[in-house]
Amino acid sequence: MTLRLGTRRSALALAQSQQVADALAAASGRSVELVPIVSEGDVSRASLSQLGGRGVFATTLREALLAGRCDLLVHSLKDLPTAQPPGLVIAATPLREDARDVVITRDGTPLGDLADGAVVGTGSPRRIAQVRRRNPRVSVRDLRGNVDSRLARVRDGELDAVILAAAGLSRLGGDLGGLHAEPLGLADWPTAPGQGALAVETTTDADPDLLAAISLLDDTATRTAVTAERAVLAGLDAGCSAPVGTHAEVTDGDLRVRAIVYALDGAHRVGLDRTVRLEVPPPHERGYGGYPGSGDGADAADGADPIARATRTGFDIARRLLERGAADLVPRESTP
């Protein structure tokens, strides 16, 4: 039986969904067809800041999945609210692409060197705040539309630069049509939680064979990293369009998480950089009373499960950010 994969209709969504469909077909031996679905976010012309973190790119797709119109979905993980709806499960997070943002210009001028009054296009509150910190001389213009239309506005001179996700450009083939790209380092310019990663979602009562096939696409390091990033966002009680930059990576058993909360105008920020060990060391390597630095045994309990450790780390970072003043900077998800 052919599997039906639900996806948004944009060129980027179709491209990344086709990549997952091909991988799933190879893993399962079953054919996979795309089922394009129009989401609220695709129809609305409102800015991302007005749309907020309500999952406008996911809600309609999830309704189609629950109604049985498709068997699974592919999302850009950064577009998903942190709360998982009942009856659905993210069954795989494939290997992550480049998580960085890139600045696209006509002549290769770095963002920090753009002239007074240069116009930079982006609809993301986080990117707006970061642009204003990097170069307060420029003007930021709210921007919606697909990747091609955004590139065209730079090429035609309407904008001097746009900020885009490196992963999206790569999945579309990376052709800039003569424009220049400046990748922005994640240490100074952390991106949206989950950026560069995909989420393959299905129902909790899906056919076990389907769940097993999807699980073959999962990358543990990616899932661990994005779990920590999204836990930071959840702990801040902030939506997926909030001015929060978070990036995590797993290296040699260590999980490093960098998180920054920005004021909307970019004038202030609160940040934290933390590294934790994902695996519990053997008893002879532990500190007095157990795991080094542990006072309640929670670290040791998490040790066998990197996802639990990543979740706990993300929420702890969020708590510390709030204690340092992040509550005064980030719009809360619960705010009407």
Is it the case that one hydrophobic cluster holds both [X] and [Y], taking links as side-chain heavy atoms less than 4.5 Å apart, direct or via other members?
X: L169; Y: L179; result: yes
X: V162; Y: V131; result: no
X: V154; Y: L176; result: yes

Atom pair CZ (R324) and CG (L322), whose distance is rounded to the nearest 0.5 Å: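 Nearest 0.5 Å value for the CZ-CG distance: 11.5 Å.
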Using 0.5 Å steps for rounding, measure from the OG atom of S215 to the CG atom of L210.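 Taking OG in S215 and CG in L210, the distance rounds to 9.5 Å.
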Quick check: do [X] and [Y] have side-chain heavy atoms less than 4.5 Å from each other?
X: R126; Y: T191; value: yes
X: R258; Y: R274; value: no
X: P94; Y: V200; value: yes
X: T202; Y: D71; value: no
X: L73; Y: R62; value: yes
X: I104; Y: V102; value: yes
X: V103; Y: W189; value: no
X: L24; Y: L3; value: yes

Is a side-chain N or O of [X] found less than 3.5 angstrom from the main chain of [Y], in a donor-acceptor match?
X: R106; Y: L159; answer: yes
X: D101; Y: I163; answer: no
X: R69; Y: G6; answer: no
X: R100; Y: G185; answer: no
X: D156; Y: E158; answer: no

Tell me, yes or no, whether the heavy-atom count around H268 atom NE2, taken from other residues, nucleotides or ligands under 6.0 Å, exceeds 12.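 No, NE2 of H268 has 12 or fewer neighbouring heavy atoms, counting only those of other groups under 6.0 Å.
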Looking at D219, D218, T224, which hits side chain to side chain donor-acceptor pair (under 3.5 Å) with T93?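 Exactly one pass, corresponding to D218.
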For [X] and [Y], does a side-chain donor sit closer than 3.5 Å to a side-chain acceptor?
X: S76; Y: Q16; value: yes
X: T311; Y: T227; value: no
X: Q130; Y: D188; value: no

According to side chain to side chain contact (heavy atoms under 4.5 Å, CB included), who are the partners of T275, at least two apart in sequence or on a separate chain?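 Listed in chain order: D254, R256.
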What are the two closest heavy atoms between R132 and L264, and how far apart are they?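 What the structure gives for the nearest pair is NH1-O, 3.5 Å.
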Would you name the heavy atoms of I214 and A92 that are closest together and state the gap between them?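 Taking every non-hydrogen atom into account, O-CB, 3.3 Å.
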What I want to find out is whether R153 reaches D148 closely enough, with some N-O distance under 4.0 Å, to be called a salt bridge.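 No, this pair does not count.
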Could you tell me whether R223 and E229 make a salt bridge, using a distance below 4.0 angstrom between a side-chain N and a carboxylate O?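 Result for this pair is no, no salt bridge flagged.
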